[in-house]
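Counting convention: from 1, in listed order, for ligands and their atoms alike.
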Amino acid sequence: MTTTKLKRVGILTGGGDCPGLNAVIRSIAKPAMSFFGATVIGIEDGFEGLVEGRARELTPKDIGGIVNLGGTILGTSNKGNPFKFPVETPQGVEIFDYSDNAIRNYKDWELDALIAIGGDGTMHIVDRFTDLGLNFIGVPKTIDNDLAATDVTFGYDSAVSVATEAIDRLHTTASSHHRVMVIEVMGRYAGWIALGSGLAGGADVILIPEIPFRWERVHEHVLRRSKHGSRFSIVCVAEGARPAEGDLVVKETDAKRTDPIRLGGVGEYVGKQIQEGTGLETRVAVLGHVQRGGSPTPYDRILATKFGSMALEIASQGKFGHMVSLKGNEVVAVPVKEAILKLRTVPPDSQLILAARAVGTCFGD
Ligand code: F6P
């Protein structure tokens with residue numbers, strides 16, 4: 001096995017923030033300092049900092065007391081893809097390849113390894129830099145839980161826990177007023193958060209991107225409940241859900257983002273259609289970034305700590321171009337190329353879907 005001397009280790013967090021990022025940073029930096037005697041360089045604001053040369057040396061004080069802290073002490077950005085770097089010009093936003101700047105900074109900082117913690121977009125960038133000969137390791141994060149090659153990403157459990165508590169709270173007001181309550185949660189192309197929190201919170205209807213829905217099915221279900229069952233319904237909808245004959249509801253597009261589409265608004269759309277289609281009084285709650293902020297759950301702190309320490313371990317073994325991944329109960333290393341082949345979406349025949357259907361949940365199909 002190759003071993004790599006780890007004298008200088010870089011860490012960056014890319015893409016949207018996510019509970020557990022600081023726990024990963026801590027579990028890379030602590031053993032890097034104590035076991036390897038390495039200098040740890042924290043790159044600021046993700047790949048933007050790598051391109052622009054913004055980084056600082058992390059001290060033991062920086063990484064103390066952060067295991068329970070949400071967000072990321074390094075800052076992050078979903079706009080700094082070095083291969084497609086957005087620059088404001090008088091003509092508008094123009095895209096340039098600034099990967100040379102990133103490589104120059106990596107070399108100037110004399111990094112032996114750079115551990116990038118991020119989602120799908122980050123792993124694509126890790127893969128490209130690996131092909132260019134840089135010593136990159138990936139750590140998968142996203143509340144959406146949609147990265148292939150790992151059973152779960154840290155951050156997902158925290159998001160589901162916040163969304164479930166929100167659904168519990170909506171239940172009491174929905175039942176008191178005999179209303180339909182729609183809750184919009186995150187989940188761009190995968191419905192894991194809506195499915196997890198909808199199931200845990202006992203939502204009556206769950207709408208996810210993987211199962212395009214029909215309005216008549218949704219209307220029938222809430223009407224049936226209103227007439228023959230409880231006089232209220234909870235509808236949990238992922239931001240990326242869409243009707244069988246309809247499109248994604250896009251809030252805005254922003255050319256600077258790694259993924260230019262910003263979703264949002266499907267909750268309002270679903271609420272309006274239900275009220276008009278059934279005559280039942282309907283209210284809408286959009287959970288938004290509340291589900292991404294705040295402290296990680298114990299599960300996410302533990303997973304993040306396992307991921308971070310394993311990332312450093314595989315860096316010391318010279319396994320560059322790999323991402324740490326949870327397989328069953330074990331954290332292992334998988335090639336990043338495997339992780340970016342496709343997104344991990346909800347299989348419509350998965351046990352979770354079948355269990356939800358067994359307890360009467362409607363998916364609108
Ligand atoms: O990818 C994670 C995610 O939380 C998505 O579910 C959501 O669409 C997106 O981030 C929101 O990103 P932003 O914070 O840039 O609006």
Side-chain angles (χ1 to χ4, degrees), residues 12-21 24 45-48 70-72 74-81 84 86 93 116-126 138-148 150 152-164 166 183-198 206-210 236-242 247-270 285-294 296-297 300 304 323 339-340 342-346:
L12 68 77
T13 52
D17 73 330
C18 165
L21 284 168
V24 180
D45 302 334
F47 288 101
E48 264 185 39
T72 160
L74 297 177
T76 190
S77 163
N78 52 17
K79 295 183 179 162
N81 183 345
K84 291 180 187 164
V93 176
I117 314 164
D120 183 56
T122 297
M123 294 310 141
H124 274 89
I125 298 169
V126 166
V139 177
K141 72 85 224 189
T142 155
I143 62 165
D144 288 5
N145 200 27
D146 58 1
L147 260 179
T150 182
V152 71
T153 51
F154 70 86
Y156 171 65
D157 187 65
S158 304
V160 166
S161 147
V162 174
T164 302
I183 175 167
E184 178 185 313
V185 297
M186 284 183 175
R188 297 173 73 75
Y189 306 114
W192 294 108
I193 298 176
L195 182 56
S197 59
I206 300 176
L207 304 177
I208 60 174
E210 295 84 345
C236 181
V237 50
E239 63 183 349
R242 59 178 180 83
D247 289 323
L248 281 175
V249 181
V250 175
K251 190 159 217 142
E252 63 171 7
T253 54
D254 177 351
K256 288 187 179 173
R257 294 167 59 107
T258 307
D259 181 343
I261 291 174
R262 196 171 144 228
L263 297 179
V266 70
E268 275 298 336
Y269 178 40
V270 167
V286 180
L287 201 50
H289 291 77
V290 169
Q291 71 207 285
R292 223 169 72 183
T297 57
D300 278 339
M323 179 188 91
I340 59 173
K342 59 178 168 62
L343 280 184
R344 200 176 77 88
T345 53
V346 178

**Request:** Kindly confirm or rule out an N or O of His289 lying under 3.5 angstrom from an N or O of ligand 1.
**Result:** yes

**Prompt:** At a 4.0 Å threshold, what atoms of ligand 1 neighbour a non-hydrogen atom of Arg292?
**Reply:** 3 (C), 4 (O), 9 (C), 10 (O), 11 (C), 12 (O), 13 (P), 14 (O)

**Asked** Is it the case that Asp259 and Tyr189 place a side-chain donor and acceptor less than 3.5 Å from each other?
**Response** yes

**Message:** Ignoring hydrogens and geometry beyond distance, is a side-chain donor-acceptor pair present between Glu210 and Thr345 at under 3.5 Å?
**Reply:** no

**Request:** Using a strict 4.0 Å cut-off to heavy atoms of Ile143, name the atoms of ligand 1 that fall inside it.
**Result:** 4 (O)

**Prompt:** Does a side chain donor of either Asp17 or Thr76 reach within less than 3.5 Å of an acceptor in the other side chain?
**Reply:** no

**Side chains of Thr258 and Asn78, donor plus acceptor under 3.5 Å** = no

**Message:** How far is atom 1 (O) of ligand 1 from the closest protein heavy atom, and which atom is that?
**Reply:** Asp144 OD2, 3.5 Å

**Request:** Ignoring hydrogens, just give me the one of Lys79, Glu239, Met186 whose non-hydrogen atom is nearest atom 8 (O) of ligand 1.
**Result:** Glu239

**Request:** Answer yes or no: is there a donor N or O on one side and an acceptor on the other, between the side chain of Lys141 and the main chain of Gly16, under 3.5 Å?
**Result:** yes

**Prompt:** Can you find a heavy atom in the side chain of Asp300 that is under 4.5 Å from one in the side chain of Tyr156?
**Reply:** no

**Prompt:** Heavy-atom contacts under 4.0 Å between Asn78 and ligand 1: side chain, backbone, both, or neither?
**Reply:** side chain

**Asked** Which atoms of ligand 1 have any heavy atom of Gly187 under 4.0 Å away?
**Response** 6 (O)

**Complete:** Atoms of ligand 1 under 4.0 Å from any heavy atom of Arg257, numbered from 1 in the order shown, are 12 (O), 13 (P), 15 (O), 16 (O)

